[in-house]
Amino acid sequence: MSGQHPAVHRDPALPRSVTVYEVGARDGLQAESALVPSVAKIDFIRQLRAAGLPWVEATSFVSPRRVPQLADAAEVMAGLGGELSAHPVLVPNRRGLERARLSGARAVAVFVSATETFARRNLNAGRDESLEMARRVIEEASGAGMRVRGYVSMCFGDPWEGEVAIDDVVSVSRSLVDSGCAEISLGDTIGVGTAGHVTELIAAHGRAGIGPELLALHFHDTYGQALANAAAGLRSGVTCFDASAGGIGGCPFAGSATGNLATEDLLWMLSGLGIETGVDLDKVVAAGAMMTDLLGRPRSRVATAMLG
Ligand code: HMG
Ligand code: MG
């Protein structure tokens with residue numbers, strides 16, 4: 001270890017560089033009972049972008065009645081100014097896409113579930129119906145020159161349905177790829193996945209023609225497995241990982257979802273492996289601590305170690 005960074009020990013079997021996709025301002029804040037002022041959100045997002053994160057998901061254009069925490073989506077986008085191509089936003093339907101376009105968004109993310117129950121709870125539509133809703137959004141957004149990411153939730157287990165068949169996840173991913181998504185983020189919404197499951201899921205996608213270059217991994221850390229699961233994903237060739245500064249996160253429609261993998265914890269591991277991210281760890285630690293302090297939440301493991 002040198003100062004406040006880990007000593008580097010490379011593993012030639014792992015990718016040389018990785019994209020970290022920051023979700024704190026969206027996944028992190030959507031489940032908080034406290035309403036964070038828009039100016040604090042804008043400051044948080046700006047700090048994360050200034051830390052070198054290439055993608056900082058900003059907010060969601062969903063029903064403000066169902067997710068009041070993100071009802072200020074348009075204000076947040078306006079406050080971010082011109083550089084909006086680095087700030088994807090969640091859109092559930094064409095109404096959300098229209099609101100996102102009016103706000104100047106250049107990249108969007110649709111979200112569907114591998115399971116029927118969560119599709120209904122989260123999107124008020126069955127799994128096939130929500131896939132069709134996503135397809136229409138993807139088509140329209142791509143036609144408008146926007147980059148579209150597709151999230152698949154409940155890939156590793158569902159609190160109502162239990163185990164989730166790998167084939168079900170792959171078929172939902174396939175449908176999103178066929179509809180035109182540039183990237184598929186596989187979500188462990190409730191954090192029950194373990195490393196071998198990650199390896200199997202990625203291999204099954206590969207057999208269906210969806211290679212690791214098309215995938216991102218999105219881990220919630222309920223059972224403390226997120227970092228181990230990210231390491232398994234790296235070993236399978238995935239080079240995009242979702243994470244949330246300060247480890248904040250959850251889903252208001254899946255009670256057992258807790259915080260996301262903390263960006264600073266992920267960066268510490270990647271830095272120790274000599275894997276390039278282009279991201280400044282100290283700046284992410286400062287941004288994450290600012291937000292966890294504001295929310296009255298514990299700091300991430302790395303922020304605690306570095307800042308006390
Ligand atoms: P709906 O079918 O219209 O039904 O909405 P509703 O009763 O839920 O609608 C509520 C109200 O929202 C209605 O208006 C609609 O017109 C309106 P009201 O009658 O109250 O005046 N509405 C909208 N308003 C603004 N923007 C829109 C919009 N659409 C309808 N886009 C809908 C369906 C999907 C919109 C709704 O169910 C919803 O907003 N759900 C929220 C879903 C959500 O944000 N979930 C969390 C994000 S997903 C996640 O966290 C998982 C992820 O992190 C990956 C992982 O961890 O697995 C991505
Ligand atoms: Mg999530």
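Note that ligands are numbered from 1 as they come in the structure, with each ligand's atoms numbered from 1 the same way. Not measured: the values here are computed from a predicted model. Numbers here simply count residues along the sequence, with the first being 1.
Close approach of ligand 1 to H220 is summarised as follows: ligand atoms under 4.0 Å from at least one heavy atom of the residue are 56 (O). Listed by atom number, the atoms of ligand 1 under 4.0 Å from G96 heavy atoms are 31 (N). Ligand-side atoms of ligand 1 in range of S153: 51 (C), 54 (C), 55 (C), 57 (O), range being under 4.0 angstrom from any heavy atom. Of all atoms in ligand 1, numbered sequentially from 1 with element shown, those under 4.0 Å from a heavy atom of H218 are 53 (O), 54 (C), 55 (C), 56 (O).
Closest heavy-atom approach to atom 38 (C) of ligand 1 within the set S63, S60, A114: this belongs to S63. By heavy-atom distance, the residue among N122, N124, D188 lying nearest atom 4 (O) of ligand 1 is N124. Compare E57, R65, R26, R95 by their heavy atoms: the one nearest to atom 17 (C) of ligand 1 is in R95.
Under the 4.0 Å criterion applied to side-chain N and carboxylate O atoms, D242 and R149 are assigned as salt-bridge partners. The existence of a salt bridge linking R135 and E132 is confirmed by a sub-4.0 Å separation between a basic side-chain nitrogen and an acidic carboxylate oxygen.
Protein heavy atom nearest atom 25 (C) of ligand 1, with residue, atom name and distance: R99 NH1, 3.1 Å. Here the protein heavy atom with the shortest distance to atom 37 (O) of ligand 1 is R66 NH1, 2.8 Å. In this structure, atom 32 (C) of ligand 1 lies nearest to the protein heavy atom L123 O, 4.4 Å. Protein heavy atom nearest atom 31 (N) of ligand 1, with residue, atom name and distance: N93 OD1, 2.9 Å. Regarding atom 50 (O) of ligand 1, its nearest protein heavy-atom neighbour is Q30 NE2, 2.7 Å.
Between S38 and E75, the side chains place no donor N or O within less than 3.5 Å of an acceptor N or O (distance only, hydrogens not considered).
A heavy-atom distance below 4.5 Å is not found between the side chains of Q225 and D188. Looking at I248 and L29, their side chains come closer than 4.5 Å, going by heavy atoms from C-beta outward. With contacts defined as side-chain heavy-atom distances shorter than 4.5 Å, the pair H218/D27 qualifies.
Ring geometry for Y151 versus Y21: interplanar angle over 60°, hence perpendicular rather than tilted (30 to 60°). A perpendicular orientation is assigned to the rings of F156 and H197, their planes being inclined by more than 60° (bins at 30° and 60°).
Looking at T189 against ligand 1, both its backbone and its side chain come within 4.0 Å, counting heavy atoms. Only the side chain of P92 comes within 4.0 Å of ligand 1, judged by heavy-atom distances.
A distance of 15.0 Å separates NZ of K41 from CZ of R46, quoted to the nearest 0.5 Å. Atom-to-atom distance recorded for H205:NE2 and L186:CG is 4.5 Å, nearest 0.5 angstrom. In this structure, CD on Q30 lies 6.0 Å from OG on S60, to the nearest 0.5 angstrom.
Residue M133 places no heavy atom under 4.0 Å from ligand 1.
No side-chain donor-acceptor contact under 3.5 Å links N260 to the backbone of A243.
The shortest N/O to N/O separation between F61 and ligand 1 falls below 3.5 Å. For a threshold of 3.5 Å applied to N or O pairs, the pair formed by P64 and ligand 1 contains no separation below that value.
Counting only protein atoms, the N, O or S atoms lying less than 2.8 Å from the Mg ion (ligand 2) are D27 OD2, H218 NE2, H220 NE2, ordered by chain and residue number.
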